[in-house]
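Everything on this sheet refers to the single structure shown next.
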Amino acid sequence: MIKITNESFDLEKEFKFVSSDINGAYSFFLGTVRSDLSSLNKKIKGIYLECYEELALAQLKKIRSKALYNWKLNECLIIHRIGKLDLGEKIVLVITASSHRTNAIEACEFVIDSLKIDVAFWKFHLLNDDTKEMVSQKNLDNEKMLKWKDIIN
Amino acid sequence: MIKITNESFDLEKEFKFVSSDINGAYSFFLGTVRSDLSSLNKKIKGIYLECYEELALAQLKKIRSKALYNWKLNECLIIHRIGKLDLGEKIVLVITASSHRTNAIEACEFVIDSLKIDVAFWKFHLLNDDTKEMVSQKNLDNEKMLKWKDIIN
Amino acid sequence: MNITLKYFSWIRVKLKKSHDLIELNQKTNLKDLKNKLILKDPIFQEIFEDDSVKYFLNLKEIDDENHTLNNGDILAFLPPVTGG
Amino acid sequence: MNITLKYFSWIRVKLKKSHDLIELNQKTNLKDLKNKLILKDPIFQEIFEDDSVKYFLNLKEIDDENHTLNNGDILAFLPPVTGG
């Protein structure tokens, strides 16, 4: 399942969607709005998430298919929020379900790493003075993605 | 937080315990009772989990401390069930909370890998003919643990 | 023929709009379109000089400037993404 | 002096009990205890010959057979663990 939404979500409910007796292992990645921004001395009060929805859905679908295929997953759920989010709010959830834990864990990391550099979302910090500031892409995220190139088809 | 319990748990509620604005990244591992046992042709109807509770708590505390220290986590939660569990039921939950996703994901994998080979729990399959069958330790789990030896202190 | 342009992130902010509907002659290619846009608004010069900006035509990435556009095409201007 | 023995997994199943309270002479070490147990019940022979079984004395792993036991000690017999 793939969902782009401006509403929050409940982890237990989302787990129920992918839950099945054939799985023994689930790996979750949950990203939230963090107040502590090491690179800035500014305080933020939240974020704003912009999205090219048609494209993002197509890109997420592709990433999900790769994860399902390469790690023989039984299920993979991806939810991404859009719009205005307060500090601490959930931004993104990935759940991978497999018979084996190593597959679930690796695939989950692949999905979030891919999402960070390949899906049409843009983040802005909402500052305390009511201005918006664009968040820059991290070199580290691009470098980290390279490690998957040899692993996946 | 470390908990050994015979009751099930709600993922959203457990997340709330470790949730804070200082974290941007949470990694979860959830293990459940799987019906499909590739190594056996037998059907199971559940599992029974035995535990040396005082020792298991001490062992989990040590693993948790290593995870917190080596990956600079802000929080780490470990819950493990004991007693009789039906197919599909939750067995174990690990949540790691960090500012950075790679730390959260690696630490979470370290905790579950360590738990599998270093904590005083024993699993029995409950077979359809009402007999119990001991689950054997997997060589793969021991081998996988070796990869952490060079990484952690 | 008509082409829809979609702007995201700093490009949207800079242009103060999220999309444009523009009329082009038949057989216009991506390069012709870029030149036309620069004449219309010099901000486009800055956009086209930024190597990190990607162009998606009908949801597929495109980097061939000689690609001929068609009526109804949707061309999106994408700065590096920062989701997750 | 008294020592508590705790049995887990297949050892518990085989012995049909989860623990024992046994009385020992002062200065008994782990080796003496093992010999005493084998005399009491030959099943212990099988347990002690299994290299995968670990011994925890008061929650700490012990592999020195000459370690002297003390009154109130808790010695646990642990087959390879299979949690998670």
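Chain A is the first sequence line, chain B the second, and so forth, proteins listed ahead of strands; every chain is numbered from 1. Bear in mind that the values here come from a model prediction, so they are computed numbers and not experimental data.
- With a 4.5 Å cut-off on non-hydrogen atoms, D/Phe8 touches chain B through its backbone and its side chain both.
- Here B/Asn74 pairs with B/Asn23 under the side-chain hydrogen bond (donor to acceptor under 3.5 Å, both in side chains) rule; sequence neighbours left out.
- Contacts of B/Phe124 with chain D are made by side-chain atoms alone, with heavy-atom separations under 4.5 Å and no backbone atom involved.
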Mind listing the donor-acceptor pairs under 3.5 Å that bridge chain B and chain D?
unit_1   : atom_1 : unit_2  : atom_2 : d
B/Glu50  : OE1    : D/Ser9  : N      : 3.2
B/Glu50  : OE1    : D/Arg12 : NE     : 3.4
B/Glu50  : OE1    : D/Arg12 : NH2    : 2.8
B/Glu50  : OE2    : D/Ser9  : N      : 3.1
B/Glu50  : OE2    : D/Arg12 : NE     : 2.8
B/His80  : NE2    : D/Gly84 : N      : 2.9
B/Phe121 : O      : D/Thr82 : N      : 2.8
B/Phe121 : O      : D/Gly83 : N      : 3.4
B/Trp122 : NE1    : D/Pro79 : O      : 2.9
B/Trp122 : NE1    : D/Pro80 : O      : 3.3
B/Lys123 : N      : D/Thr82 : OG1    : 2.8
B/Lys123 : NZ     : D/Gly84 : O      : 2.7
B/Gln137 : NE2    : D/Val81 : O      : 3.1

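- Residues D/Leu59 and B/Leu55 approach most closely at O-CD1, 3.5 Å, considering heavy atoms.
- Here the closest heavy-atom approach between residue D/Leu78 and residue B/Ala120 is recorded as CD2-CB, 4.1 Å.
- A salt bridge (charged side-chain N to carboxylate O under 4.0 Å, His left out) check over residues 16-27 of chain B, counting only residues at least two apart or in different chains, returns the pairs B/Glu12-B/Lys16.
- Note: B/Val119 leads B/Ile112, B/Val119, B/Ile82 in heavy-atom pairs under 4.5 Å with chain D.
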